[in-house]
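These notes concern the structure reproduced below.
We name chains A, B, ... by the order of the sequence lines, and we start the count at 1 in each one.
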Amino acid sequence: MHNPQELDELLYAIVRQIPRGKVAAYGWIAERAGLVRGARRVGHALRMLSSRRRVPWHRVVNAQGRISLPAGSAAARRQQEILQAEGIVFKNHRIDLMRFGWRQSLDELLWRQP
DNA sequence: GGGTTGACCTGTG
DNA sequence: ACACAGGCCAACC
């Protein structure tokens, strides 16, 4: 997929696979899309996302389990509210990724490269 | 075209 | 835990 638009679609499709009650990091999404260091690219795709599309953008957080929107912004509050409504627990503004992080497989969990 | 700016990540101190 | 640097990449002056 060399076309940027196709790549966006692929990224959205992956985000749609995150189940309710789980979250994924930008970098994980990029990895699943075959991008080497594409975390920022994922952030861009989500920022450009039209609100009419049904993509669970709120289930994407940064690698530290924190919301990556401007702290205190309306969007950040909305994201946290939705996640909490889905059963995600915040502890000091952070999500425990070991517990709520969406992993494809046990392999990915165990063999996360150094 | 070049410089700046982020919804990023990892390593290092 | 915190800060900083370096890498990254597309959007936007």
Exercise for the section: Take the protein atom CZ of R78(A) and the nucleotide atom C1' of dA7(B), then report the distance between them rounded to whole Å. Expected result: 13 Å

Fill in the blank from the handout: On DNA chain C, more 5' by nearest nucleotide between H44(A) and R37(A) is R37(A)

Practice task
In whole angstrom, give me the gap between the P atoms of dA7(B) and dG6(C).
Solution key: 22 Å

Fill in the blank from the handout: Here the distance between atom C1' of dA10(C) and atom CZ of R47(A), to the nearest Å, is 8 Å

Practice task
Would you indicate what R40(A) reaches in the nucleic acid, counting non-hydrogen atoms under 4.0 angstrom: base, sugar-phosphate, or nothing?
Solution key: base

Fill in the blank from the handout: Of the listed dT10(B), dC8(B), dA1(C), the closest approach to the R94(A) side chain comes from dA1(C)

Completion exercise
Regarding the side chain of M48(A), the nearest nucleotide among dC9(B), dA11(C), dA10(C) is dA11(C)

Problem - Rounded distance (Å) that lies between atom P of dC8(B) and atom CD of E31(A) - result: 17 Å

Problem - Rounded distance (Å) that lies between atom P of dT10(B) and atom CG of L97(A) - result: 11 Å

Handout entry: Check: Q79(A) main-chain N/O paired with Q84(A) side-chain donor or acceptor under 3.5 Å
Key = no

Handout entry: Out of dC9(C), dA7(B), dT10(B), whichever nucleotide has its closest atom nearest the side chain of L46(A)
Key = dA7(B)

Practice task
Using a 4.0 Å heavy-atom cut-off across all strands, classify A30(A) as base, sugar-phosphate, or nothing.
Solution key: nothing

Handout entry: Pairing of R41(A) and D8(A) as salt bridge, 4.0 angstrom limit
Key = yes

Exercise for the section: Indicate whether the side chain of H44(A) and that of R47(A) have a donor and an acceptor atom separated by less than 3.5 Å. Expected result: yes

Practice task
Let me know the distance between OH of Y12(A) and P of dA7(B), rounded to the nearest Å.
Solution key: 14 Å

Problem - Whole-Å distance separating the CD1 atom of I67(A) from the C1' atom of dG6(B) - result: 17 Å

Exercise for the section: Dump the intermediate steps for salt bridge (Lys or Arg N to Asp or Glu O under 4.0 Å) on E31(A) and R37(A), then the final yes or no. Expected result: CA-CA 8 Å; E31(A) 212 171 298; R37(A) 280 173 184 78; over 6 Å; no

Handout entry: Whole-Å gap separating P (dC2(C)) and CD (Q64(A))
Key = 11 Å

Handout entry: W57(A) CH2 - dA7(B) P separation (whole Å)
Key = 13 Å

Completion exercise
Correct closest heavy-atom pair for S68(A) and Y26(A) would be CB-OH, 3.6 Å

